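Below is one structure, written out as structure tokens; comments come after it.
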Amino acid sequence: MIERLRARARSLNVTLWTLIVPPTVWAAHFLFSYLWAAIRCAKTGSFSTAPGVFWACTILALLVILASGWIARVQSRTPGDHPPHEEGTETDRLRFLAYATMLLAGLSFVGVLFTAAPVLFLSDCR
Amino acid sequence: MSLHAQDDPGLRHAQEERLRAAWKPPEGWLRRWTDVNNNRVGVWYTLTAFAFMLFAGVLALIMRTQLAVPENDLVGPNTFNQLFTLHGSAMMFLFAVPMFEAVSIILLPQLLGARDLPFPRLSAFGYWSFLIGGIFVLGSIFFNAAPDGGWFMYPPLTTRTDLSGLGADIWMLGLSFIEVSSVAAAVELIVGVLKCRPPGMRLNLMPLYAWYILVVAVMILFAFPPLIAGDVLFEMERLLGWPFFTAEKGGDPLLWQHLFWIFGHPEVYVIFLPSIALFAMLIPTFARRHLLGYPYIVLAAVGTAFLSFGLWVHHMFATGLPKISLAFFSAASQAVVIPTGVQIFAFIATLAAGRVIFSTPLLYATGSLAIFVIGGLTGVMVAIVPFDWQAHDTYFVVAHLHYVLIGGTLMPLFAGLYYYWPLVTGKKLSDRMGRTAFWMLFAGANLAFFPMHLSGLMGMPRRVFTYPSELGLGGLNLASTLGAFLFAAGVLVVVVDMALSPPRAKAKRNPWDAGTLEWLAHPDDEDWGIRSVPLIETRYPIWDQPGFVAKVDEGRFFLPDAEEGRRETIITSVLDARPVAVLRLGTPSFVPMLTAIAVGGVFILTTYHLYWWALASGVVALGFILRWLWSTAEIPEKPCKPIGHGLELPLYIAGPQAPGWWAMFITMLADATAFSGLVFGYFFFWTVHTGFPPPGAGPGAAWPMIALALTAASWGATLAARELHRRGGVAPARLLLGAGALLSIGSVGAGLAGPWLSGLDPAAAAYPAIVWTLAIWTAAHAGIAAIAQLYALARSLAGRTTPSHDADVGNVTLYLHFLLFTAVVAYATIGLFPEVA
């Protein structure tokens, strides 16, 4: 099962667009958080102490980032060519983009956690 | 042509003669200013930005002299307001951003082994716009008419014409003009990095400078347009009385703060990243090894770019937004530390792992990192909301931002100056003077700005022209003033060093023994950029590819000739840099300069309320732009040409492979971002006012829906025209383009009919004002669509667009895609949202 998934992940296309998937998810989650709080506070004056919609979206964002990070990790280990993988070959270009995507996934994951943290501690619109 | 053909010195000489003739710069006292070659335009650009920096620096010295002692009366409050406003605005808009564009115009083609950037005339246009706008804005201080509302121009101080004079208009319109030229530069740089790399330079071999520039140029596309949208609203309020920011008429001054800082914070990274990019080039050279952690640097650049868009509210912590909102932005402000730290550690690790040559440029680099880190640490402090409330609007913030900008932008640029001076002039600057200047700058910056942390915490507010002696701030301020003068003396030493350079002997080629492509440049500069476009196999080709320099020089790589006497460069694919086509580049022309003058006329004449003259200037500008476009996408005399090594490339390409398509796509992305800034304004009013939109007061649903239907029909006609045209149906395609233009004009009328017929008075309240703005914006874009459709029709009738050469029709269709998107959002917002709300 895992092997099949890995093979599937490896066959996915890697481009500049896939590179920015994890930070784009962070940006979407950030924008959502900002709008959610701004609209809740402006229109109802409060938000619930356990905001289900907010946590659902946060978990969704984390899952998408995890998935893209995992795919990128598999792709960044595509076999072929020698270390340090800095050559002008198809494999090394792919490994580089995938590796950078994986790093961005890590940063974006932390970024989403950072954004979500205030909702744990704050409970009103003051 | 084979490798061996290049063995013949006679052939090589003939090739060089042809290249020289094709790239010959224009001569004569007037004509020389029509040059578009990146080496000259880049140098003009750099020198102009440098001169503006010196000017803004002098303004700072006057301020520091005024503040040297308590209750000083060197300048009055009015002049002081103009001084700090102009100092900040000029350093940001006329130095830091243009300087990065200028340096990139010089360096990027060299780094990418290209003969020039893809749109040389666009670079020239950008330069002339910058020059005109810069002189306009800076010159105002000599007439006591400079902007005086702070570099962020907060309303209502700046929108009320009884509180602020012409200066606010000069700021808004002069700098809008420069923002347009920045977006033009972004288009040029993005297409340059993505499409003009040498064969073989896959994304993983690209010099890190190019990565940074790509990231920063994309940031400009999303950061600058919200400010342009804000400028539009701002001037509508100042000139026409449309109350977007006036609270008593349903506006909100905070809307301006949002739009300004959505631009303003990414802007900090827009100027920081390209400067730090210079480190990524010079550190490997002086560490004598490859840079460590290449993908980590890319992570840092891309990660910073994204996170920087989640920071803007940290300039607004004291505005009374809900704490939960503040906390989101505080969190993102903490998170951006991670990528920033990563790149600094990558640099330090490279130095630690290398055999370091401690040259003058490296001295500047390490010194500026030290200053930057201090600014970064105080940045983490002010990113924490409760601390920020204490430090807000005090000299602590002044200290923080100057540490960041001097360590993150100015000193790195001096490092770059000492590193790249031989590339541009063929001569080295003096090490002795450079090191002397460094220590003066380093000591001066710390002496000037460190005491400000203390004076700020002791309660000294920003932007005051004087302070009473009882506060006990005299000593700290005097130290700051002495530091500022020491810093200025350091800059003076650098200027003298540059002035002494011309008589000095030429340095040897590649004087630092660097490994990257830009150092192929010869001290006796040729205008052709590069003798032959190399095949790249490594990140440091001069170090790692045997015989590389000789092969380039002997024309053994690609495109070593200009058989047809044309300026050419190679277009390659985005990911793997596979050769795709040969692009014929723009040649010297008066058109970019004249276009800049005409566009500048629109902004400058509007400042003085000369609307008819401004309109006339706009019509002239449109004429020049169409004249300029007419010469592009020409049908070549033959379909393909050989570029050496048995490769033959087409001379014409259309669609997503072509630079022109990318330019349109990128421009429209910026345009869509500006539009989303206006839409943000509409929904911002909705969140802050309970009675928005007022029931029954809107433009109704009918006219907006008719306008949308007409726009959709125009889009459909253009799409059908493209498809039929491609299949040889020239006549029906022409008919459809004509019909599309009529439909577009119809949608202009229908779009404006909604607010017009429902009698919305834009000066009465914020709601009608924002509805009118969205309608006018969309209608204006439909009007441009009509011009574009008629342009494509004219090109077809003139035989400049044919079924096999259809770039124009494709680009117009792309424009229509964006127009349709704009129309859907705008008309749904003004027509349907009131029904839903």
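We name chains A, B, ... by the order of the sequence lines, and we start the count at 1 in each one. Computed from a prediction, not measured in an experiment: that's the story for all the values here.
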Legend entry - Max heavy-atom pair count under 4.5 Å with chain B, selected residue of A:Pro23, A:Pro118, A:Ala117, A:Ala116: A:Pro23
Legend entry - Any B:Trp686 side-chain heavy atom under 4.5 Å of A:Lys43 side chain: yes
Legend entry - Non-hydrogen side-chain atoms of A:Phe30 and B:Phe329 separated by less than 4.5 Å: yes
Inset, instruction - Check the surroundings of atom CZ in B:Phe345: do more than 12 heavy atoms from other residues, nucleotides or ligands lie under 6.0 Å from it? - result: no
Inset, instruction - Locate the shortest heavy-atom distance separating B:Leu205 from A:Gly88; write the atom from each residue and the value. - result: CD1-CA, 3.5 Å
Inset, instruction - Let me know if B:Tyr296 has heavy atoms under 4.5 Å from chain A in its side chain, its backbone, both or neither. - result: both
Legend entry - Inter-residue atom distance A:Thr115.OG1 - B:Gln334.CD, 0.5 Å rounding: 11.5 Å
Legend entry - Option that, when pairs with chain A are counted at under 4.5 Å, heavy atom only, ranks first among B:Gly320, B:Ser330, B:Ala300, B:Ala335: B:Ala335
Legend entry - CG on A:Leu122 to CG on B:Leu326, rounded to 0.5 Å: 9.5 Å
Legend entry - Contact origin within B:Val342 toward chain A - heavy atom pairs under 4.5 Å: neither
Legend entry - Contact class of A:Tyr34 relative to chain B, heavy atoms under 4.5 angstrom: both
Legend entry - Engaged part of B:His290 at the chain A interface, taking heavy atoms whose separation is under 4.5 Å: side chain
Legend entry - Least distance between heavy atoms, B:Pro322 atom then A:Cys41 atom: CG-CB, 4.0 Å
Inset, instruction - Please state whether the side chain, the backbone, both or neither of A:Ala27 comes within less than 4.5 Å of a heavy atom of chain B. - result: side chain
Legend entry - Contact residues of residues 102-112 of chain A (partner chain B; heavy-atom separation under 4.5 angstrom): A:Leu103, A:Leu104, A:Leu107, A:Val110
Legend entry - Any residue of residues 2-17 of chain A which, by heavy atoms, sits under 4.5 Å from chain B: A:Val14, A:Thr15, A:Leu16
Inset, instruction - Measure B:Phe684 against the heavy atoms of chain A and call it side chain, backbone, both or neither at under 4.5 Å. - result: neither
Inset, instruction - Any chance you could lay out the side-chain contact (heavy atoms from CB on, under 4.5 Å) test for A:Phe96 and B:Val298, step after step, and finish with the verdict? - result: CA-CA 10 Å; A:Phe96 154 73; B:Val298 175; 3.8 Å; yes
Inset, instruction - Report the distance from atom CG of B:Asn204 to atom CD of A:Glu86, rounding to the nearest 0.5 Å. - result: 9.0 Å
Inset, instruction - Name the option with the most non-hydrogen atom pairs under 4.5 Å to chain A; the candidates are B:Ala332, B:Gly200, B:Ala331. - result: B:Ala331
Inset, instruction - Pick whichever of B:Gly303, B:Ala577, B:Gly310 has the most heavy-atom pairs under 4.5 Å with chain A. - result: B:Gly310
Inset, instruction - Answer yes or no: does atom CZ of B:Phe309 have more than 12 heavy-atom neighbours from other residues, nucleotides or ligands under 6.0 Å? - result: yes
Inset, instruction - Can you check whether anything in residues 58-69 of chain A gets within less than 4.5 Å of chain B, heavy-atom wise, and list it by number? - result: none
Inset, instruction - Could you verify whether a donor N or O on one side chain and an acceptor N or O on the other, from B:Tyr294 and A:Tyr99, lie under 3.5 Å apart? - result: no
Legend entry - Interatomic distance, B:Ile324 atom CD1 to A:Phe121 atom CZ [nearest 0.5 angstrom]: 11.0 Å
Legend entry - Pick from B:Val302, B:Leu194, B:Val313 with the largest number of heavy-atom pairs that fall under 4.5 Å of chain A: B:Val302
Legend entry - A:Ile20 portion near chain B, given a 4.5 angstrom heavy-atom threshold: both
Inset, instruction - Give the member of A:Thr89, A:Leu19, A:Thr24 that has the highest number of heavy-atom pairs under 4.5 Å with chain B. - result: A:Thr89
Legend entry - Qualifying residues under ring pair (Phe, Tyr, Trp, His ring centres under 6.0 Å), relative to B:Tyr767, sequence neighbours excluded: B:Phe692
Inset, instruction - Hey, could you give me the CZ/CD distance between B:Arg539 and A:Glu87, rounded to the nearest 0.5 Å? - result: 9.5 Å
